[in-house]
Chemist: 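Below is one structure. I have some questions about it.
Numbering of ligands and ligand atoms starts at 1, following listing order. Heads up: numbering here begins at 1 and tracks the sequence.
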Amino acid sequence: MPTISKKGQLMPESPIRKLVPYAENAYKQGKTVYHLNIGQPDIKTPQVALDAIKIHSLDILAYTRSEGSEGYRKKIADYYAKNDIQVNHDDIIVTTGGSEALLFAFGTITDVDDEIIIPEPFYANYNGFSTASGVKVVPVISKIEDNFALPPIEEFEKLITPKTKGILICNPGNPTGYLYSKEEIKKLAKIVKKHDLFLIADEVYREFAYDGITHYSILQEEGLEKHAIVIDSVSKRYSMCGARIGCLVSKNKDVIKTALKFAQARLSPPTLAQIASEAALETPQSYFDDVIKEYVDRRNVLIEELNKIEGVQVANPKGAFYCIAQLPIKNSDAFAQWLLESFDIDGETVMVAPAGGFYSTPGVGLNQIRIAYVLNKDSLKKAVHILKEALKVYKD
Ligand SMILES: Cc1ncc(COP(=O)(O)O)c(C=O)c1O
């Protein structure tokens, strides 16, 4: 029997998707499942983007340049300028989603056995991308009691070894909804400069910053040009998850030159989706105003309802559209499966993401779940009601 690679065996399952077969069984039994497990927004994609792919005039659906079409990259640079971020189109490589930008970043700055420090809980697929690259994730724990604020700088410094290549943050954070302040970014900038490390910031939720707080990008931090790598995506910004378009941005020419070689190996990002993504940049501000208002309302409803459940602790998200909730249970994997298999109210149940997979420290987060507030307020209320009733009868 031919054998599977060790790396393949070590690849973690996505905690967001691993319960899908149980959800499918629930559908087969005629149940309605409220999906709080996945960041697939129900928000409409901007019409300009949809129109652009309907009316394009291509005769051949050809490859584009490996780094993405020049016209699109120039418009992305204009988008950043509007966000107070000064980059050139040559500092941008268009990728197949933010996911590929993360893979290119790992490929560009790490070798097998190198280490990347990541505040946890973190976006679960960072575990997958680092395993695929043979890289060790070194977690620094941010706590629900502190609302998941940046851990003290000394905690990072304690973890730096000769193998450390960088620090990876997600800002605003998935799964915590934490939004790093300018001061926190400055602290990180100081460490990476002192220890000559890269700072990778996954900023795919940049627009989703609430309560009047302005997002501060690592690309706005002066003196960080050689260190900063930004991961970006159209997936959530324009509710275009299926376009599969993102980008990697860095002012470090060596980073771009190297990431381009990875990009050349996969030839081209999707051509038609670049057309849609370029058009999406024309989306009027009113679209974002409406979307942000909707997410803030949903967050408020969700947090208020969760706080009413006895024994539930929840951090208040300031950005993105997720939160981590700590439940009065021992094992959220078993609980999430049980919800799909054995619990419903009038034929309705809930799918949540067990939070253990958002940590790399074994045993941490097992009593937590991640909730994506990507459903309308009524559905969120119903879903939280189901959770509340389920917790009353669930036995670990
Ligand atoms: C924090 C974060 N980074 C990156 C991604 C990857 O998104 P995509 O590949 O769709 O751009 C996601 C998707 O949910 C995410 O939440």
Chemist: Holding to side-chain contact (heavy atoms from CB on, under 4.5 Å), I want the full list of residues that pass it with I292, two or more places apart in sequence or in another chain.
Modeler: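 Per chain and number, I292 pairs via side-chain contact (heavy atoms from CB on, under 4.5 Å) with F208, Y210, V296.
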
Chemist: Students often mix this up, so state it plainly: with edges at 30° and 60°, are the rings of F129 and F106 parallel, tilted or perpendicular?
Modeler: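 Tilted, since the angle between the ring planes falls between 30° and 60°.
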
Chemist: Under a 4.0 Å threshold between the charged nitrogen and the carboxylate oxygen, would E184 count as salt-bridged to K187?
Modeler: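 Not counted as a salt bridge, because no side-chain N and carboxylate O are separated by less than 4.0 Å.
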
Chemist: Heavy-atom cut-off of under 4.0 Å around ligand 1: list whichever protein residues fall inside it, by chain and number.
Modeler: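 Ligand 1 is contacted, at a heavy-atom distance under 4.0 Å, by G97, G98, S99, Y123, C170, N174, D202, V204, Y205, S233, S235, K236, R244.
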
Chemist: Hey, is D378 close enough to K382 for a salt bridge, meaning N to O under 4.0 Å?
Modeler: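 No.
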
Chemist: Give the C-alpha distance, both sets of side-chain angles, the deciding distance and a yes or no for ring-ring contact (aromatic ring centres under 6.0 Å, His included) between Y322 and Y205.
Modeler: CA-CA 11 Å; Y322 307 94; Y205 296 97; 5.5 Å; yes

Chemist: Salt-bridged, R206 to D232, with N to O below 4.0 Å?
Modeler: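 Salt bridge flag = yes for D232 with R206.
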
